[in-house]
Number of protein chains: 2
Amino acid sequence: MTTAKPSSRHPRSRGAGRPSGDDGDLRERLLDVAAAQFARTGIEATSLRAIATEARVTPAMLHYYFGDKARFTQALIEERLLPAVAPLREHLEQAGDDPRALVEAFARGVGEIVARNPWLPPLWVREVLCEGGSLRELMFSRVVPNLPQMLAQRFAVAQARGLLNAALDPRLLVVSLVGLTLFPAAGAPIWRRAFGAEELDTDALLNHTLALLDHGVGAAESGDSS
Amino acid sequence: MTTAKPSSRHPRSRGAGRPSGDDGDLRERLLDVAAAQFARTGIEATSLRAIATEARVTPAMLHYYFGDKARFTQALIEERLLPAVAPLREHLEQAGDDPRALVEAFARGVGEIVARNPWLPPLWVREVLCEGGSLRELMFSRVVPNLPQMLAQRFAVAQARGLLNAALDPRLLVVSLVGLTLFPAAGAPIWRRAFGAEELDTDALLNHTLALLDHGVGAAESGDSS
DNA sequence: TTAAATTAATTCAATGATTAATTACATGCA
DNA sequence: TGCATGTAATTAATCATTGAATTAATTTAA
């Protein structure tokens with residue numbers, strides 16, 4: 001055992017002898033590369049080898065910095081997923097009780113998060129939404145604990161005050177809202193492919209979503225209020 | 001080479017000596033098991049061994065009936081995915097030009113398909129929507145060739161006639177529609193988990209979606225028309 | 001010269017793919 | 001009717017490859 005073993009915790013310490021002629025912290029780079037690759041291929045289907053290769057290092061580096069794959073994904077969650085999603089909560093808490101404001105806050109918040117972390121939607125869809133996803137439990141217990149319930153609750157209050165379409169179910173509205181925002185983001189490449197080469201304009205999507213939620217599909221009788 | 005080799009094509013033929021004390025065609029069963037497992041774990045991350053194990057047979061059976069993994073998934077697409085999705089096209093073609101009717105036809109069609117093939121939404125989300133999905137190209141070229149464009153086109157026509165909210169983009173409306181229908185279906189387990197133990201009622205979801213698309217989130221001024 | 005950072009090489013299990021042997025039935029033939 | 005035989009269906013066993021995890025050796029800078 002002459003090997004240096006950071007085993008449980010990150011080495012971090014700068015200043016030590018590191019031959020890395022590369023850019024910033026390798027540890028960070030590994031997380032970034034992994035986030036992108038996990039989003040592309042899925043966590044289970046992505047080999048540590050592939051990550052290491054894309055990061056131009058040996059697979060052993062992953063073991064050096066993170067231990068095993070489980071702890072690696074754990075680190076990814078702690079240091080990428082959680083910080084990325086955190087702003088959404090604030091967005092929502094700042095929004096008033098008006099359901100339209102809530103909806104807009106949610107859609108705008110998701111939009112910003114996605115803009116900053118393009119890898120997030122595919123990862124979320126794959127690993128949280130789907131049944132066998134690796135991040136299911138974690139997402140619920142740590143990332144957005146009872147955020148869906150909180151949102152539904154506020155919709156329910158708005159509905160009781162007559163501010164929300166009475167035909168809607170507050171909880172299903174949350175589901176719809178997520179579907180309208182995260183789903184298109186996750187599928188951006190596909191829409192591009194389906195509807196010609198144009199990039200999916202996130203601003204346009206946001207406005208469209210709000211317009212849809214404002215009036216529905218029927219021809220609007222009054223002007224919009226955005 | 002004393003081995004029987006159906007190599008290129010399905011053996012199919014009944015009447016021959018088959019020790020299988022099991023139920024129907026093993027070939028079919030393998031496809032069903034695989035569909036479920038692929039939906040749960042993802043195609044890449046699912047081993048042939050796992051499929052064989054769950055089907056209570058040897059991995060060699062997969063090779064016997066299908067060849068390699070690529071041809072196996074190909075068969076799954078041809079014999080499960082394509083037939084499953086086919087009805088949607090008819091549904092849409094029968095619907096009139098009224099956007100509400102179109103929307104309802106789509107939502108109802110998706111609902112029926114999902115009810116019949118619970119494995120479809122997760123598989124679709126994973127393998128078609130996401131970038132690294134294995135079925136991307138195939139889906140577009142074979143399963144629903146230019147169906148999105150067709151839908152968008154009809155929305156555009158309706159819009160030109162003043163039947164559709166002018167603030168909407170026909171193509172983005174298609175995106176929203178898919179998000180509102182497929183996404184909740186794919187995430188059914190999660191909503192169950194998020195909002196207590198109740199099953200996600202697909203009928204309720206359908207009605208909710210239609211209500212949302214009819215009037216938006218604002219308090220409705222007129223009675224519903226369902 | 002010391003310790004962090006990194007590479008190279010190794011081990012072990014799992015996977016995809018394949019082959020050879022085995023089973024069970026159906027049919028032809030006596 | 002009963003037996004031999006061919007063939008589809010299936011299992012057991014094998015092989016090469018890949019992946020995760022580990023260890024030892026090497027580089028680099030403080």
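Since the structure is predicted, the reported quantities are computational estimates derived from the model, not experimental observations.
- Comparing atom distances between the A:A60 side chain and each of C:dT18, C:dT6, D:dT22 picks out D:dT22 as nearest.
- Pairs engaging residues 119-128 of chain A under the side chain to side chain donor-acceptor pair (under 3.5 Å) rule: A:E127-A:S134 [sequence neighbours left out].
- Partners of A:R49 under the salt bridge (charged side-chain N to carboxylate O under 4.0 Å, His left out) rule, at least two apart in sequence or in another chain, do not exist in this structure.
- More than 12 heavy atoms of other residues, nucleotides or ligands shown are found within 6.0 angstrom of CD on A:Q37.
- An OP1 or OP2 oxygen of C:dT6 is reached within less than 4.0 angstrom by no side-chain nitrogen or oxygen of A:Y64.
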Tabulate protein N/O versus nucleotide N/O from nucleotides 17-20 of chain D, keeping only pairs under 3.5 Å, one per line.
unit_1, atom_1, unit_2, atom_2, d
D:dG19, OP2, A:R49, NH1, 3.4
D:dG19, N7, A:R49, NH1, 3.0
D:dA20, OP1, A:L48, N, 3.1
D:dA20, OP1, A:K69, NZ, 3.4
D:dA20, OP2, A:L48, N, 2.8

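- One interatomic measurement links the two molecules: CZ of B:F66 to P of D:dT10, which rounds to 12 Å at whole-angstrom precision.
- Close to C:dT6, at under 4.0 Å from its OP1 or OP2, lies a side-chain N or O of A:Y65.
- With sequence neighbours left out, B:E112 forms a salt bridge (charged side-chain N to carboxylate O under 4.0 Å, His left out) with no residue at all.
- Applying the ring-ring contact (aromatic ring centres under 6.0 Å, His included) test to B:F106 and every residue at least two apart in sequence or in another chain returns nothing.
- A straight line from CG of A:L62 to P of C:dT6 spans 12 Å, rounded to a whole angstrom.
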Could you give the side-chain donor-acceptor pairs of residues 137-147 of chain A under 3.5 Å, partners two or more places apart or in another chain?
unit_1, atom_1, unit_2, atom_2, d
A:E137, OE1, B:R193, NH1, 2.5
A:E137, OE1, B:R193, NH2, 3.3
A:E137, OE2, B:R193, NH1, 3.2
A:S141, OG, A:E137, O, 3.1
A:S141, OG, A:L138, O, 3.3
A:R142, NH1, A:E78, OE1, 3.3
A:R142, NH1, A:E78, OE2, 2.6
A:R142, NH2, A:E78, OE1, 3.4
A:N146, OD1, A:R89, NH2, 3.4

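- Applying the 4.0 Å criterion to OP1 and OP2 of D:dA21, one finds that A:H63 has every side-chain N and O outside that range.
- As a whole-Å value, the separation of B:I51 CD1 from C:dG16 C1' is 12 Å.
- Rounded to an integer number of Å, the gap from B:M61 CE to C:dT23 P is 16 Å.
- Protein atom CZ of B:F72 is 11 Å distant from nucleotide atom P of C:dG16, rounded to whole Å.
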